[in-house]
A.B. asks: 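Pasting a structure here, questions to come.
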Number of protein chains: 4
Amino acid sequence: MSRDVPATGAAKRGARAQAQRDRILDAAQRCFAERGFHGASMAMIAEAAQMSPGLIYRYFAGKSELIHGIVSRQVELLADDFEEMESGARDPVDTIVDNYCACMADADDAGAAPHDALLDATLILEIVAESSRDPVIAEALNLLDQRIDVGLGSWLARPDAAGGQGTPAALLPARKLILRALLDGLKMRQVRDPDLDPALLREALQDALPRLREA
Amino acid sequence: MSRDVPATGAAKRGARAQAQRDRILDAAQRCFAERGFHGASMAMIAEAAQMSPGLIYRYFAGKSELIHGIVSRQVELLADDFEEMESGARDPVDTIVDNYCACMADADDAGAAPHDALLDATLILEIVAESSRDPVIAEALNLLDQRIDVGLGSWLARPDAAGGQGTPAALLPARKLILRALLDGLKMRQVRDPDLDPALLREALQDALPRLREA
Amino acid sequence: MSRDVPATGAAKRGARAQAQRDRILDAAQRCFAERGFHGASMAMIAEAAQMSPGLIYRYFAGKSELIHGIVSRQVELLADDFEEMESGARDPVDTIVDNYCACMADADDAGAAPHDALLDATLILEIVAESSRDPVIAEALNLLDQRIDVGLGSWLARPDAAGGQGTPAALLPARKLILRALLDGLKMRQVRDPDLDPALLREALQDALPRLREA
Amino acid sequence: MSRDVPATGAAKRGARAQAQRDRILDAAQRCFAERGFHGASMAMIAEAAQMSPGLIYRYFAGKSELIHGIVSRQVELLADDFEEMESGARDPVDTIVDNYCACMADADDAGAAPHDALLDATLILEIVAESSRDPVIAEALNLLDQRIDVGLGSWLARPDAAGGQGTPAALLPARKLILRALLDGLKMRQVRDPDLDPALLREALQDALPRLREA
DNA sequence: CATGAATGAGCCTTCATTCAT
DNA sequence: CATGAATGAAGGCTCATTCAT
């Protein structure tokens, strides 16, 4: 998943173009996180990317293509998390909590390069909401969703000994649904209650996760 | 569940005024569900409510106040769900699944009177996202959140025999967090995967909920 | 000029109607002074007059008729000032300074009944400006202007011994113009520099007025 | 008096930008003179300037900033008048009368480039009135006022022989006040009585001005 | 007479997007 | 490629005025 092989959809793009795209996406992600999708203007994004508004349109067809681009980039980031979880190298609780905390931290320092930062929780909600009306965004999100689904599924299915959860195939869809909802729901909690104590979150997960395994 | 008796906070309002407010809120809820908060214009809402744009402002101070009004109405609807859950009159799984299905159904027939309907899942995401930037919306959501928190907390804490979950006080915050996240997350799943089989949802909940109780 | 004989244009009006008109005009004058002609809404005026917006239209044809009414009322107030000046009962400097100070005072206590208060200086500017575009207002102002012109003229012309200025007829138009400009200009200074020391004003007038008389 | 060299405060602005600003200001000045500050809409001004409404906002933050810009331009025009007066090159009466007549003439031919023209008298009243409620406008007017104050003060104080009035320092504030009021008042007369004979004005000034000097 | 709900035109402003340079 | 000026369609909101009650 490294950049040796260009990312999905970027097959033919030159290095320069890719750099520009990333610069724009970084700026957009920062602006969207700060002001929301509708609150951030193309002009603002252009300024954040230190280029003219017109140039953005050379790389992206419109504002919602920016969301598409941002979401697509996330797919790669996610891969890392799943590798960790699946390899058993790390307690899944840690991964989730870290992931949660990372988002919070990102929100604080606006200088971070967002292309390897997780999506701001509020932005995720906006994207998901938007996806129900905007096919371009829906498409991007479908990819992400699928990736998560596969990752979660394989982690759940993998034998206990191999760092998985040993979930029987029959229970897999149900467990996946619950786990997915729980993870998504955490994003909503994050938005509603940004001061949530990470320790409580960890405690809650440590209590809940084991309970969700086969008895 | 109907509005024979004026709703909370509307004590002093005339019947006519209350009816107008509800008409506006119904129209707004429909428009927001269909086009999103930013996508639905006041003009569109006015038309849906069959009145002039200016008139809306006699009843609501601005667009965000419409969300405030919509969310506030939901608080009452929620009360019913919690009564059911707490009274033990009904399996909580049924309540959740029904609630879930109700939303889906509402989305289909646009003619339904929304003031008796649960919020469209997409709209919920938008509202939550917006709440992080709009104090008016945040306030309304705080009320709702609090109500849910109390309801969930008392259900969890109530002794097993009394239709509760018998959760020890020490575990309450953690369990509440998990449950809350799970419920919220279901809304996100609903948006992302509207075709989810209710039967799977029920199965998943029947598997998960008992596991989240004291061993 | 007392109310024994109804004021100009009020010939046929009943006492009740007159009272209503005055109440409206009072409210309007207060609102206009506070927020300006364009800044004060009919709704605001109605509330200040403790009546419904619709009722105002029973007594006045529109917003600019309110200005007409306000200006017309001033004609009577002015009469008093001129009587003083002409009778020689009082130093004209005192009259002008008092008049000036009265306006400032009015601005402070909003409770005063404006129908016997001088027009707020800012409002005067607005009215004069408006008069160049609104014939209704122009008409009212013409009356006021004429009255002032006559009053000023007769004071200037009256023999010195009779409390006047003993201005020769040949110089009258010129002197009237200067005096008029000076008086009007004071209104503008009042708006631009509300903190002007009344003592300085008195000093200035005591220096200038005598110089403007026949050598 | 032309704008060959960019005006004060425009040092860094490109020639194109400056031209656009002037075009907008010209249009605004014309529209404001014709319909008043509140009567002229941004759309109308944009049309007069032959551009889209949105473009105005690239050059001015809002409607009040247009007034600010218009007033600021006047400061420069005023400088010329004061130079004349102070240099003694010209009878101050002439300067005032010319200035007065210039305004009247401008009002007639709407085609004149307003950036070289004095403010329409009616517009001045509106601006002064508005300044008491709009800080942006107040700021612009403060600058103008100050400039006039300095100019008038130095002319009054300058020795008689040097084309001044030789006013003793002790009398300066009072004389300045009177002169200022008289000049301002002339603007009001201009609005109220546009047909005033310039000859009468000249006569009046020639009579009054010398009288306002040290005996 | 009086009310106040209702209208609807219009206002200022923003912003995604385009295009001449 | 890149710029940034320019467009023009909305958008949210206000308010003078009307009219059914």
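Bear in mind that the values here come from a model prediction, so they are computed numbers and not experimental data. Numbers restart at 1 for each chain; the letters A, B, ... are given by sequence-line order, proteins then strands.
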A.B. asks: Look at the side chain of C:Arg58 and decide which nucleotide, out of F:dT3, E:dC1, E:dA5, has an atom nearest to it.
C.D. replies: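 Comparing F:dT3, E:dC1, E:dA5 against the side chain of C:Arg58, the answer is E:dC1.
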A.B. asks: State whether A:Tyr57 places a side-chain N or O below 4.0 Å from either non-bridging phosphate oxygen (OP1 or OP2) of E:dT17.
C.D. replies: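 It does, given that an N or O in the side chain of A:Tyr57 lies less than 4.0 Å from OP1 or OP2 of E:dT17.
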A.B. asks: Which nucleotide sits closest to the side chain of C:Met42: F:dA16, F:dG12, E:dA6?
C.D. replies: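 The closest nucleotide is F:dA16.
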A.B. asks: Run through D:Ile137, D:Leu123, D:Asn142, D:Ile127 and flag the one making a side chain to side chain contact (heavy atoms under 4.5 Å, CB included) with D:Val71.
C.D. replies: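 Answer after filtering D:Ile137, D:Leu123, D:Asn142, D:Ile127: D:Ile127.
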A.B. asks: Is it the case that the side chains of C:Gln20 and C:Arg58 hold a donor-acceptor pair, with the cut-off being a distance below 3.5 Å and no angle test?
C.D. replies: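 On atom types as modelled, these side chains do not qualify, holding no pair under 3.5 Å.
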A.B. asks: Of the nucleotides F:dT7, F:dT17, E:dT13, which one has an atom closest to the side chain of C:Pro53?
C.D. replies: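 Closest nucleotide to the C:Pro53 side chain: F:dT17.
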A.B. asks: Which part of the nucleic acid, if any, lies within reach of D:Gln50 when heavy atoms closer than 4.0 Å are counted: base, sugar-phosphate only, or nothing?
C.D. replies: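 No contact at all - D:Gln50 keeps every heavy atom at 4.0 Å or more from the nucleic acid.
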A.B. asks: Can you find a side chain N or O atom of D:Ser52 that sits less than 4.0 Å from OP1 or OP2 on F:dT7?
C.D. replies: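 So the side chain of D:Ser52 is within the cut-off, an N or O lying under 4.0 Å from OP1 or OP2 of F:dT7.
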A.B. asks: So what's the dot-bracket for DNA chain F: Watson-Crick or G-U pairs under 3.5 Å, [ ] if a pair crosses, | if it pairs off-strand?
C.D. replies: .||||||||||||||||||||
A.B. asks: Any side-chain donor-acceptor pair under 3.5 Å between D:His38 and D:Glu126?
C.D. replies: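 Their side chains do not contain a donor-acceptor pair, so the 3.5 Å distance test is not met.
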A.B. asks: With a 4.0 Å cut-off on heavy atoms, is B:Tyr59 in touch with a base, just the backbone sugar-phosphate, or nothing at all?
C.D. replies: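 B:Tyr59: backbone/sugar contact only, no base atoms under 4.0 Å.
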A.B. asks: If you assign D:Arg16 and B:Met44 each to the DNA chain F nucleotide with the nearest heavy atom, which residue ends up on the more 5' nucleotide?
C.D. replies: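 In this pair, the answer is D:Arg16.
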A.B. asks: Go through E:dT7, E:dA16, F:dA6 for me and flag the one nearest to the B:Met51 side chain.
C.D. replies: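 My answer, after comparing the listed nucleotides, is E:dT7.
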A.B. asks: How long is the gap from OG on B:Ser72 to CD on B:Glu65, to the nearest 0.5 Å?
C.D. replies: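 Taking OG in B:Ser72 and CD in B:Glu65, the distance rounds to 9.0 Å.
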A.B. asks: Answer with base, sugar-phosphate or nothing: what part of the nucleic acid does B:Ala40 contact at a heavy-atom distance below 4.0 Å?
C.D. replies: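 If one applies the 4.0 Å heavy-atom cut-off, B:Ala40 turns out to touch the sugar-phosphate alone, with no base involved.
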A.B. asks: Rounded to the nearest 0.5 Å, what separates atom CD1 in C:Ile24 from atom CD1 in C:Ile56?
C.D. replies: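 Here the rounded value is 5.5 Å.
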